[in-house]
Amino acid sequence: MAERLKVKSGTKVQLACDVQAGGEPEFNLISTFYKALDDSAFLISVPMQGGKPMELDESLRLLLRFGSGSGARIVAGYADDLVQEGIRRYWKIRRVSELRQFVQRADERFKIALHVQYKQDTWPVNSEGTVTRDEGLTLDISNGGVAVYLSHRFQVGEICQLTLPRIGTSPDGREQRDVVGVVCWEREAPKGSPFRMLCGLQLRFATTGERESYIRYVDNVRRKYAM
């Protein structure tokens with residue numbers, strides 16, 4: 001799991017909208033760090049754009065830069081709530097990557113809503129002798145992990161078995177895929193969500209071939225949705 005963001009209240013933050021691999025982010029927005037909420041979320045002042053407060057867009061992936069030069073650090077995340085404290089309003093940022101130097105990577109997460117099923121082997125079996133699966137919805141996906149909305153409360157470190165849907169109907173599509181992930185973080189879903197929790201899974205693969213097959217699945221998702 002990521003450690004709680006250690007930044008002083010009042011520190012200036014430069015923001016940019018995330019870009020595709022190979023692109024250069026433009027840090028043309030300014031905000032102020034207010035406080036960390038937990039290991040995966042923190043508050044910043046609402047950035048201004050054109051002299052007006054920006055509208056919150058939960059689908060917009062942001063890059064937030066702290067510091068400058070060789071000491072700069074960048075965090076990626078989504079603004080998923082507007083929080084009022086006293087007379088001030090803040091964006092709650094949910095982190096989706098570790099505190100790190102900015103490097104575009106092939107396995108960078110991208111936001112996509114895929115209907116999935118999930119289970120644990122320890123759950124009771126149904127009348128057919130199989131473990132009943134619950135329904136979930138992905139928030140983002142990468143070559144190494146998945147963030148998924150669900151209604152079951154997991155504990156960090158538990159194993160979750162996830163079934164990803166078939167992508168495409170043509171011969172070059174990808175069949176539905178079962179993957180296994182370790183829960184690395186979990187928190188309550190935003191207000192209004194039909195799901196109770198939002199869970200981060202770090203995927204585990206038994207063989208190199210299994211991992212490569214999954215990466216081809218992710219590539220197919222990227223091509224289908226032109227990401």
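From a predicted model like this one, the values you see are computed outputs, not experimental measurements.
- Rounding to the nearest 0.5 angstrom, the gap separating the OG1 atom in Thr163 from the NZ atom in Lys119 is 7.0 Å.
- Scanning all heavy atoms of the two residues, the minimum distance from Pro165 to Tyr217 falls at O-OH, 2.5 Å.
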Does the pair Tyr118 and Ser151 meet the rule for a side-chain contact (heavy atoms from CB on, under 4.5 Å), with working shown?
CA-CA 10 Å; Tyr118 64 94; Ser151 293; 4.3 Å; yes
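- When hydrophobic clusters are built by joining Ile, Leu, Val, Met, Phe, Trp and Tyr residues whose side-chain heavy atoms come closer than 4.5 Å, directly or via intermediates, Leu64 is not grouped with Leu37.
- Annotation: the span from Arg211 atom CZ to Thr207 atom OG1 amounts to 11.0 Å, rounded to 0.5 Å.
- Arg61 places none of its side-chain heavy atoms less than 4.5 Å from the side chain of Cys17.
- Looking only at side-chain heavy atoms (C-beta outward), Val46 and Leu82 come within less than 4.5 Å of each other.
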Go through Arg94 and Leu198 one step at a time and tell me if the side-chain contact (heavy atoms from CB on, under 4.5 Å) criterion holds.
CA-CA 11 Å; Arg94 181 182 66 82; Leu198 181 59; 3.5 Å; yes
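- Put simply, Val221 and Ile215 are part of two different groups of oily side chains (I, L, V, M, F, W, Y) that touch within less than 4.5 Å, one to the next.
- Checked for salt-bridge contact, Glu85 and Lys35 meet the test: a charged N lies under 4.0 Å from a carboxylate O.
- Under the 4.5 Å side-chain contact rule for hydrophobic residues, Leu56 and Leu60 share a cluster.
- Counting only heavy atoms from C-beta outward, the side chains of Val148 and Leu139 never approach each other to under 4.5 Å.
- Formation of a donor-acceptor pair under 3.5 Å by the Glu158 side chain with backbone atoms of Gln155 is found in this model.
- For the atom pair OH (Tyr78) and NZ (Lys92), the distance works out to 15.0 Å, reported to the nearest 0.5 Å.
- Nearest approach of Val7 to Phe33, heavy atoms of both residues: O-CE2, 3.1 Å.
- Going from atom OH of Tyr90 over to atom CG of Asp81 covers 14.5 Å, rounded to the nearest 0.5 Å.
- Remark: Ile167 CD1 to Arg222 CZ distance equals 13.0 Å, nearest 0.5 Å.
- Cluster annotation: Leu29 and Leu43 are assigned to distinct hydrophobic clusters (Ile/Leu/Val/Met/Phe/Trp/Tyr, side-chain heavy-atom contacts under 4.5 Å, transitive).
- Of the possible polar contacts, one joining the Thr138 side chain to the Ile112 backbone as a donor-acceptor pair under 3.5 Å is found.
- No donor-acceptor contact under 3.5 angstrom links the side chains of Gln161 and Gln120, judged on distance only.
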Criterion side-chain contact (heavy atoms from CB on, under 4.5 Å) on Gln202 and Arg204, from CA distance to verdict:
CA-CA 7 Å; Gln202 185 175 9; Arg204 295 287 187 263; 3.3 Å; yes
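- Contact detail for Ser31 and Leu15: the closest heavy-atom pair is CB-CD1, 3.4 Å.
- With a 4.5 Å cut-off on side-chain heavy atoms, Met48 and Met54 do not count as touching.
- Within 6.0 Å of the CD atom in Glu58, the count of heavy atoms belonging to other residues, nucleotides or ligands exceeds 12.
- No salt bridge links Arg95 with Asp38; every basic N to acidic carboxylate O contact stays at or beyond 4.0 Å.
- Here CG of Leu137 is found 7.5 Å from CG of Leu114. Values are rounded to the nearest 0.5 Å.
- With 3.5 Å as the limit, one finds a donor-acceptor pair spanning the side chains of Arg177 and Ser213.
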Could you walk me through whether Asp80 and Lys191 pass the salt bridge (charged side-chain N to carboxylate O under 4.0 Å, His left out) test, one step at a time?
CA-CA 10 Å; Asp80 66 5; Lys191 295 178 181 178; over 6 Å; no
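- At least one donor-acceptor pair under 3.5 Å links the side chain of Ser45 to the backbone N or O of Thr32.
- Linking ILVMFWY side-chain heavy atoms closer than 4.5 Å, directly or via other members, places Tyr34 and Val83 in a single hydrophobic cluster.
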Between Val182 and Ile159, does a side-chain contact (heavy atoms from CB on, under 4.5 Å) hold up when you go through it step by step?
CA-CA 5 Å; Val182 178; Ile159 300 297; 3.6 Å; yes
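- The local environment of CZ in Arg89 is sparse, with at most 12 non-hydrogen atoms from other residues, nucleotides or ligands closer than 6.0 Å.
- Using a 4.5 Å cut-off on side-chain heavy atoms (C-beta onward), Trp91 and Pro47 make contact.
- Closest approach of Gly145 and Leu203 over heavy atoms only: CA-CG, 4.0 Å.
- Gly144 and Tyr214 get closest at one heavy-atom pair: N-CE2, 4.5 Å.
- Among all heavy-atom pairs drawn from Glu186 and Arg153, the shortest one is OE1-CG, 3.3 Å.
- Ring planes of His152 and Phe154: perpendicular class, angle over 60° (limits at 30 and 60°).
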